[in-house]
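Written below as structure tokens is the structure these notes are about.
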Amino acid sequence: PTASGLFKKVNSNTGENDELNIVTIVRNEFHKITEEHPKIIEKIKELPNRTKTAKASEAENTVVLRKKGLSLFAIFAEQTDYKFNVEIKSFAELFDNVKCNFNEPKQKLSANFWEKYELIKKHRTKHKAPKSEKSFEIQAINSLNSLLKAKKTDLNQQTVSFINSLLKDLKKYKTLSTYTLRSLVLPEKKKNAYEVLIENINILRDKIGEDYLEKTLQKNVNVDDDIIIAVENIRN
């Protein structure tokens with residue numbers, strides 16, 4: 001992510017504590033690197049889309065960060081009981097595994113690195129969102145569909161168009177934060193639940209713009225669709 005992108009993310013969703021925490025950490029680290037080692041940022045721009053490196057660590061594992069379209073997957077692999085265990089984790093969980101000091105010596109990739117790397121690449125299609133995130137995503141989709149079915153005649157065309165954009169995003173691109181998803185879920189035990197949801201939708205539309213999805217896709221149209229960064233941690 002760019003510095004401006006992180007700044008926008010941090011300042012746009014001040015209520016999402018868990019997401020804000022890791023974004024704030026990454027933003028601060030990025031700012032620190034930019035201030036102390038500005039040439040590093042320029043070097044990063046020249047790296048190939050598939051980059052592999054290794055560093056010394058107390059634990060032995062391999063972390064792969066894969067950017068596919070607009071999604072970021074954090075995949076973790078370690079050897080247990082004579083086999084490699086591969087699983088999807090959040091970037092927050094793996095942040096410390098990829099972080100290193102400026103003068104950290106680069107290590108040679110281990111003999112079994114490529115075996116782990118291939119397993120991780122094959123595992124990418126098994127990505128599952130965290131239960132809480134997936135739950136809010138499904139609830140938001142159901143709520144928006146319910147709203148269109150129950151109140152479509154009461155909604156103006158602008159609102160209907162924006163709801164359709166939200167549904168398209170939820171089902172295909174998934175750019176909305178968990179905090180935003182919560183606001184798109186019909187509130188329980190409220191007689192005016194649909195009115196509350198409509199109000200939340202209008203607030204969100206004013207905040208991000210009715211053409212937010214189109215702008216997001218245009219912004220990413222020239223970005224390579226598949227970026228893979230692998231970091232192998234080798235036990236001291």
Side-chain angles (χ1 to χ4, degrees), residues 1-28 30-31 67-74 88 90-92 127-223 225:
T2 63
S4 60
L6 286 171
F7 182 82
K8 181 179 179 181
K9 170 74 173 175
V10 169
N11 288 280
S12 64
N13 296 310
T14 55
E16 49 187 315
N17 296 330
D18 51 348
E19 294 182 22
L20 183 59
N21 183 51
I22 185 59
V23 172
T24 301
I25 291 173
V26 173
R27 181 198 64 175
N28 291 340
F30 186 88
H31 179 72
K67 181 182 179 296
K68 184 72 173 176
L70 300 178
S71 299
L72 176 67
F73 305 98
I88 298 288
S90 68
F91 180 62
H127 170 71
K128 292 183 180 179
K131 288 184 179 179
S132 59
E133 178 184 327
K134 190 67 177 177
S135 175
F136 283 123
E137 182 180 293
I138 293 172
Q139 289 181 62
I141 291 174
N142 291 339
S143 295
L144 293 173
N145 281 326
S146 177
L147 175 62
L148 287 177
K149 185 176 180 180
K151 298 286 184 177
K152 189 169 185 178
T153 56
D154 299 330
L155 302 172
N156 59 47
Q157 185 56 44
Q158 189 179 25
T159 302
V160 172
S161 178
F162 184 65
I163 291 174
N164 286 328
S165 292
L166 292 173
L167 286 169
K168 182 179 180 180
D169 190 357
L170 286 165
K171 294 174 182 178
K172 186 173 182 180
Y173 300 106
K174 307 180 189 301
T175 71
L176 300 173
S177 68
T178 302
Y179 177 72
T180 299
L181 294 180
R182 291 192 189 104
S183 71
L184 298 177
V185 176
L186 278 168
E188 296 181 359
K189 300 178 182 179
K190 281 193 175 184
K191 293 182 179 180
N192 63 334
Y194 284 121
E195 285 69 23
V196 172
L197 179 56
I198 292 172
E199 182 179 359
N200 289 344
I201 290 171
N202 288 332
I203 291 173
L204 180 62
R205 186 182 63 198
D206 291 339
K207 182 179 180 181
I208 65 177
E210 59 186 274
D211 58 346
Y212 85 97
L213 183 58
E214 180 181 345
K215 288 182 177 179
T216 300
L217 297 179
Q218 287 178 348
K219 190 182 299 182
N220 287 273
V221 69
N222 294 320
V223 177
D225 194 42

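Only this structure's heavy atoms are used, side chains among them; waters, hydrogens and symmetry mates stay out.
Annotation: side chain of L148 is not in contact with side chain of L144 (no heavy-atom distance under 4.5 Å). Using a 4.5 Å cut-off on side-chain heavy atoms (C-beta onward), L170 and I138 make no contact. Proximity of F30 to R27: side-chain heavy atoms (C-beta onward) are nowhere separated by under 4.5 Å. In this structure the side chain of L186 never reaches within 4.5 angstrom of the side chain of V196, judged on heavy atoms. When side chains are defined from C-beta on, F136 does not count as touching L176, because their heavy atoms never get closer than 4.5 Å.
Using a distance-only test at 3.5 Å, with no hydrogens or angles considered, no donor-acceptor pair links the side chain of K171 to the main chain of L167.
Note: T180 OG1 to L204 CG = 6.0 Å, rounded to the nearest 0.5 Å. The CG atom of D169 lies 12.5 Å from the CG atom of N164; values are rounded to the nearest 0.5 Å. Atom CG of L197 and atom NZ of K190 lie 11.5 Å apart (nearest 0.5 Å). E210 CD to L166 CG: the interatomic distance, rounded to the nearest 0.5 Å, is 11.5 Å. Here the NZ atom belonging to K152 is positioned 12.5 Å from the OG1 atom belonging to T159, to the nearest 0.5 angstrom. Between the CG atom of N202 and the CD atom of E199 there is a distance of 8.0 Å, given to the nearest 0.5 Å.
Closest of all the heavy-atom pairs between A193 and P187 is CB-O, 3.5 Å. Among all heavy-atom pairs drawn from G209 and F162, the shortest one is O-CE1, 3.7 Å. Closest non-hydrogen pair, S143 versus L184, comes out as CB-O, 3.3 Å.
With hydrogens and angles left out, the side-chain atoms of S135 and Q139 include a donor and acceptor closer than 3.5 Å. Under 3.5 Å, the side chains of T175 and Y212 contain no donor-acceptor pair of N or O atoms.
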Step-by-step side chain to side chain contact (heavy atoms under 4.5 Å, CB included) determination, D154 to I198: CA-CA 10 Å; D154 299 330; I198 292 172; over 6 Å; no

Take Y173 and T216 through the side chain to side chain contact (heavy atoms under 4.5 Å, CB included) test and state the conclusion after the steps. CA-CA 10 Å; Y173 300 106; T216 300; over 6 Å; no

